[in-house]
Amino acid sequence: MIIIETRGKRVSIRKANTDDLREAAYMLLMLVPLGKTTTYKYLAEVLGVHPRVIARFMALNDNPIVVPCHRVIMSDGRLGGYSLGGPEFKEKLLRLEGVKIVRGRIPREQIIDFEDLLK
DNA sequence: ATTTGCTCAGCTC
DNA sequence: GAGCTGAGCAAAT
């Protein structure tokens, strides 16, 4: 995979096949610490794909044990979907990890920013 | 807070 | 290759 970065805005020239992108997505996700979350949008921005593609990748996650796809939420703080047990289960998992959910939303502080993470 | 329209890669056939 | 779909987004209401 080749990623060219121009003035802060990322432009990716994707010679990568989808499997490569998938793996990249999973690896980034594994950088998200316990008790924090990230969003489909962030991941999409970093990888230079459409957010829905990230969602698709998560849905196809074949190894939920090592890939914490429940930590990926929507950009507005709402939970988004979860194919293994539904959104209720996703919420349960997050609560279990110490993520606080306020009125159906996850507060900003608990959503990591890849800009910072990758420094 | 809710509705509306846009999106685009993956999927299916 | 054409058409459909969606674990989303953003603007307008």
Side-chain angles (χ1 to χ4, degrees):
Chain A
M1 170 162 43
I2 302 171
I3 294 181
I4 297 178
E5 194 167 339
T6 6
R7 261 175 282 180
K9 280 203 168 182
R10 286 195 178 76
V11 179
S12 67
I13 298 178
R14 304 202 285 98
K15 291 197 163 184
N17 58 35
T18 38
D19 288 335
D20 286 341
L21 279 176
R22 264 177 73 181
E23 272 193 51
Y26 296 155
M27 300 195 119
L28 280 171
L29 178 52
M30 294 196 297
L31 298 178
V32 178
L34 197 80
K36 296 256 178 178
T37 62
T38 187
T39 70
Y40 298 102
K41 190 183 171 186
Y42 281 150
L43 289 170
E45 279 172 0
V46 173
L47 292 178
V49 299
H50 194 275
R52 296 198 105 127
V53 174
I54 301 297
R56 189 85 193 100
F57 287 163
M58 295 309 132
L60 293 178
N61 176 15
D62 50 344
N63 199 343
I65 309 289
V66 299
V67 183
C69 55
H70 59 278
R71 291 184 200 153
V72 188
I73 63 171
M74 292 210 232
S75 58
D76 64 359
R78 285 175 8 223
L79 287 195
Y82 198 68
S83 56
L84 302 90
E88 310 84 4
F89 188 58
K90 186 172 185 174
E91 179 171 347
K92 219 172 188 177
L93 285 174
L94 287 169
R95 282 229 156 87
L96 214 57
E97 293 186 352
V99 175
K100 290 180 184 175
I101 302 170
V102 190
R103 275 175 280 120
R105 307 249 182 146
I106 292 177
R108 285 264 156 100
E109 316 85 73
Q110 298 177 107
I111 305 175
I112 67 147
D113 186 343
F114 276 114
E115 299 267 329
D116 295 335
L117 184 67
L118 297 177
K119 272 177 191 169

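In the text below, chain A, chain B and the rest are named by the order of the sequence lines, each starting its count at 1.
With respect to the salt-bridge test (charged N to carboxylate O, under 4.0 angstrom), the residues A:Lys92 and A:Glu88 do not qualify.
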Which pairs would a plain distance check flag for residues 48-60 of chain A, meaning a side-chain donor or acceptor within less than 3.5 Å of a matching protein atom at least two apart in sequence or in another chain?
residue: A:His50; atom: ND1; partner: A:Arg52; partner atom: N; Å: 3.1

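Counting all heavy atoms, side chain and backbone alike, A:Leu84 lies closest to A:Pro64 at CD2-CG, 4.0 Å. Across all their heavy atoms, A:Val66 and A:Pro68 have their closest contact at O-CD, 3.3 Å.
Side-chain N or O atoms of A:Thr37 include one that pairs as donor or acceptor with a backbone N or O of A:Gln110 at under 3.5 Å. Judged by distance alone, with hydrogens and angles left aside, the side-chain atoms of A:Lys41 form no donor-acceptor pair with the main-chain N or O of A:Asp76 at under 3.5 Å.
Cluster membership check: A:Leu31 shares its hydrophobic cluster with A:Ile106, using side-chain heavy-atom separations under 4.5 Å among Ile, Leu, Val, Met, Phe, Trp and Tyr. Cluster annotation: A:Tyr82 and A:Tyr40 are assigned to distinct hydrophobic clusters (Ile/Leu/Val/Met/Phe/Trp/Tyr, side-chain heavy-atom contacts under 4.5 Å, transitive).
DNA chain C lies under 4.0 Å from no heavy atom of any residue of residues 102-111 of chain A.
The salt bridge (Lys or Arg N to Asp or Glu O under 4.0 Å) pairs that include a residue from residues 25-35 of chain A number zero, where partners must be two or more places apart or lie in different chains. Legend: salt bridge (Lys or Arg N to Asp or Glu O under 4.0 Å) pairs involving residues 96-107 of chain A, not counting sequence neighbours, sorted by first then second residue: A:Arg71-A:Glu97.
Taking a pair as Watson-Crick or G-U wobble with both distances under 3.5 Å, DNA chain C forms stems of 3 or more consecutive pairs at B:1-6 with C:8-13, B:8-13 with C:1-6.
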Annotated protein contacts, base or backbone, on nucleotides 6-13 of chain C with a non-hydrogen cut-off under 4.0 Å, one of B, S, - each = BBBSS---

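Computed from coordinates, the A:Arg22 CZ to B:dA9 P distance equals 17 Å when rounded to whole Å.
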